[in-house]
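Report on the structure given below.
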Amino acid sequence: MSTDEEQHRREERRRFLRQAGVVAGAAVGAGYVSLAPARWPLSLRDPDGERGKPRPVSIKLPPNGFAVAPSTVLPHLGIARGTQVPAMVRGAVDAIGGIGRFVQRGDIVVIKPNVAFERPAVLGATTHPEVLTALIHLVREAGAAEVRVADNPIESPQSCFARTGIQRAAVAAGARVFLPSPGEFETLNVPGATWIEHWPFFWRPFQGATKVIGVAPVKDHNLCRASMTTKNWYGLLGGRRNQFHQDIHGIIADLALMLRPTFVLLDGSRVLFRSGPTGGSLSDVKVGQTIVASTDSLAADAYGWDHLLERKSEPLPAYFAKSAARKLGDPNWSAHSIKEVQVG
């Protein structure tokens with residue numbers, strides 16, 4: 001046998017052995033992934049079908065939410081009383097540092113009013129359009145590049161935004177209105193939440209947003225006893241959110257964890273003191289003539305409970321303690337630095 005033939009045979013043997021090794025390795029690998037326990041890496045075993053389900057892509061809000069740096073010298077609670085809504089809104093915000101503390105030129109600002117029900121503003125079940133108008137004007141004065149107004153009402157969004165006057169007020173003041181549709185929700189990851197750790201969230205108006213302001217009415221609520229700025233974030237959830245009624249205080253504490261705003265406005269221009277949250281009669285509404293601004297939703301809401309709903313003699317609803325236990329605010333509003341002003 002020639003030397004060339006011998007070398008050729010050696011090469012053939014080596015090629016055969018390499019191919020055999022690849023086949024054997026593939027067989028071993030196939031055996032592993034098919035027989036390995038479900039919890040092992042790369043295992044194909046899926047006894048309950050969970051591994052085969054598509055994994056939803058989750059989004060997250062900024063780690064510290066949309067809050068600005070805390071201040072050790074400025075009041076935490078601004079309380080303005082009067083008869084002129086624009087003066088009250090400006091007075092309350094000025095009391096906690098002024099709009100320039102919170103909004104800078106170029107900011108994209110989301111304002112979340114309560115537009116949950118198809119009710120005229122006088123019935124107190126929704127944010128008053130005059131309060132929203134005054135707030136939008138302030139934000140635009142500060143140089144915001146865009147102001148977005150968004151909510152996911154319980155009743156028909158188009159009807160709610162029209163009947164409450166929120167649609168007209170927002171557009172006239174120069175804001176862009178976002179009405180919800182199925183394609184505008186994404187799964188939001190809220191680490192540590194009890195009910196909404198992964199839940200559909202009205203994401204479209206938040207794309208690119210740099211600041212978020214909540215503005216909510218003061219009203220009675222048949223389940224959680226009071227609905228104000230903390231409960232207001234419920235309107236950003238999608239999905240079957242009515243199931244949360246079984247633990248209404250727990251979900252409100254989750255909402256405080258989910259959304260940490262730049263600041264909140266408590267709309268006490270009028271107060272739905274009974275028959276909430278929907279109201280329906282002018283006899284359920286009283287004059288409030290108060291606007292509260294705060295960087296602490298729990299403090300603002302506790303003030304509303306004591307002085308606007310006039311329930312100081314009653315214990316606070318359970319969601320206050322649940323939220324405070326997570327260090328999401330301090331409902332002991334009287335321990336905060338406060339500035340009260342009388343305006344127009």
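Position 1 is the first residue of the sequence, and the numbers go up from there.
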Original post:
Can you find a pair of side-chain heavy atoms, one from Leu265 and one from Ile291, that are under 4.5 Å apart?
Top reply: yes
Original post:
Would you call the rings of Tyr303 and Trp333 parallel, tilted or perpendicular, where under 30° means parallel and over 60° means perpendicular?
Top reply: perpendicular
**OP:** Decide yes or no for His336 and Asp330: does some side-chain heavy atom of the first lie under 4.5 Å from some side-chain heavy atom of the second?
**Re:** yes
**OP:** Give, for atom OG1 of Thr230 and atom CG of Leu255, the distance between the pair rounded to the nearest 0.5 Å.
**Re:** 8.5 Å
Original post:
Do you see a donor-acceptor pair shorter than 3.5 Å between the side chains of Asp296 and Ser294?
Top reply: no
Original post:
Going by atom types alone, do Ser58 and His198 pair a side-chain donor with an acceptor below 3.5 Å?
Top reply: yes
Subject >> Side-chain donor/acceptor of Lys112 to backbone N/O of Asn232, under 3.5 Å >> reply: yes
Subject >> Close side-chain approach of Val271 and Val285, heavy atoms under 4.5 Å >> reply: no
Original post:
If only atom types and distance count, is the side chain of Arg311 paired as donor or acceptor with the main-chain N or O of Arg225 below 3.5 Å?
Top reply: yes
Original post:
Without hydrogens or angle criteria, can the side chains of Asp267 and Thr127 be said to hold a donor-acceptor pair below 3.5 Å?
Top reply: no
Subject >> Within-4.5 Å side-chain heavy-atom neighbours: Leu236 and Asn152 >> reply: no
Subject >> hydrophobic_cluster_shared for Val122 and Val218, side chain cutoff 4.5 Å >> reply: no
**OP:** Look up atom CG in Leu298 and atom CG in Leu316, then write down how far apart they are to the nearest 0.5 Å.
**Re:** 9.5 Å
Subject >> Cluster overlap Met228 with Met258, hydrophobic side-chain contacts below 4.5 Å >> reply: yes
**OP:** Kindly assign one of parallel, tilted or perpendicular to the pair His245 and Tyr234, based on the angle between their ring planes and the thresholds 30° and 60°.
**Re:** parallel
**OP:** Measure from the side-chain N and O atoms of Arg241 to the backbone N and O of Leu237, and report whether any donor-acceptor pair falls under 3.5 Å.
**Re:** yes
Original post:
Looking at Val139 and Ile111, what are the two nearest heavy atoms and their distance?
Top reply: CG2-CD1, 4.4 Å
**OP:** Nearest 0.5 Å please: distance from the NE2 atom of His307 over to the NZ atom of Lys312.
**Re:** 4.5 Å
Original post:
Are there more than 12 heavy atoms of other residues, nucleotides or ligands under 6.0 Å from atom CG of Asn64?
Top reply: no
**OP:** Before accepting this row, confirm whether a basic side-chain N of the pair Arg326/Asp254 lies closer than 4.0 Å to the acidic partner's carboxylate O.
**Re:** yes
**OP:** Would you confirm whether Arg270, through its side chain, and Ala121, through its main-chain N or O, come within 3.5 Å as a donor-acceptor pair?
**Re:** yes
Original post:
Minimum heavy-atom separation for Gln289 to Gly82, with atom names?
Top reply: CB-O, 3.0 Å
**OP:** Mind listing the closest non-hydrogen atom pair of Gly91 and Ala80 along with its distance?
**Re:** C-CB, 4.1 Å
Original post:
For the side chain of Lys219 and the backbone of Pro277, is there at least one donor-acceptor N/O pair under 3.5 Å apart?
Top reply: yes
**OP:** Please examine the side chains of Val68 and Phe263, heavy atoms only from C-beta on, and report whether any two atoms are closer than 4.5 Å.
**Re:** no
Subject >> Backbone N/O of Val147 and side chain of Arg140: donor-acceptor pair under 3.5 Å >> reply: no
**OP:** Answer with yes or no whether the hydrophobic clustering places Phe206 together with Ile196; edges join I, L, V, M, F, W, Y residues whose side-chain heavy atoms lie under 4.5 Å apart.
**Re:** yes
**OP:** Please confirm whether the backbone N or O of Ala173 pairs with a side-chain atom of Thr133, one donor and one acceptor, at under 3.5 Å?
**Re:** no
Original post:
Between Thr126 and Asn114, is any side-chain donor less than 3.5 angstrom from a side-chain acceptor?
Top reply: no
Original post:
Side-chain donor-acceptor pair under 3.5 Å between Asn332 and Ser334, yes or no?
Top reply: yes
**OP:** May I ask whether Ile248 and Phe117 are part of the same hydrophobic cluster, defined by side-chain heavy atoms of I, L, V, M, F, W, Y residues being less than 4.5 angstrom apart, directly or through others?
**Re:** no
Original post:
Are the side chains of Arg163 and Arg119 in touch, meaning some heavy atoms are under 4.5 Å apart?
Top reply: no
Subject >> Heavy-atom pair with the smallest gap, counting every atom of Ile99 and Leu138 >> reply: CG1-O, 3.8 Å
Subject >> Approximate separation, where rounding is to 0.5 Å, of Lys339 NZ and Asp94 CG >> reply: 7.5 Å
Original post:
With Phe185, which of Phe178, Trp199, Phe202, Trp203 fulfils ring pair (Phe, Tyr, Trp, His ring centres under 6.0 Å)?
Top reply: Phe202
Subject >> From Arg176 atom CZ to Glu146 atom CD, the distance as rounded to the nearest 0.5 Å >> reply: 5.0 Å
Original post:
Counting distance only, does the side-chain N/O of Arg148 pair as donor-acceptor with the main-chain N or O of Val109 below 3.5 Å?
Top reply: no
Subject >> In one Ile/Leu/Val/Met/Phe/Trp/Tyr side-chain cluster, 4.5 Å: Val85, Leu266 >> reply: no
**OP:** With rounding to the nearest 0.5 Å, note down the distance linking CG in Leu328 to OG in Ser297.
**Re:** 9.5 Å
Original post:
What is the minimum heavy-atom distance between Ser283 and Ser281, and which atoms define it?
Top reply: OG-OG, 2.7 Å
Subject >> His221 side chain vs Leu223 backbone, donor-acceptor pair below 3.5 Å >> reply: yes
Original post:
What's the shortest heavy-atom distance between Gly208 and Ile108, and which atoms?
Top reply: O-CD1, 3.6 Å
Original post:
Do the numbers put Lys286 on top of the ring of Phe273, so that NZ or CZ is under 6.0 Å from the six-membered ring centre and no more than 45° off the axis?
Top reply: yes
Original post:
Is there a donor-acceptor pair under 3.5 Å between the side chain of Glu310 and the backbone N or O of Asp306?
Top reply: no
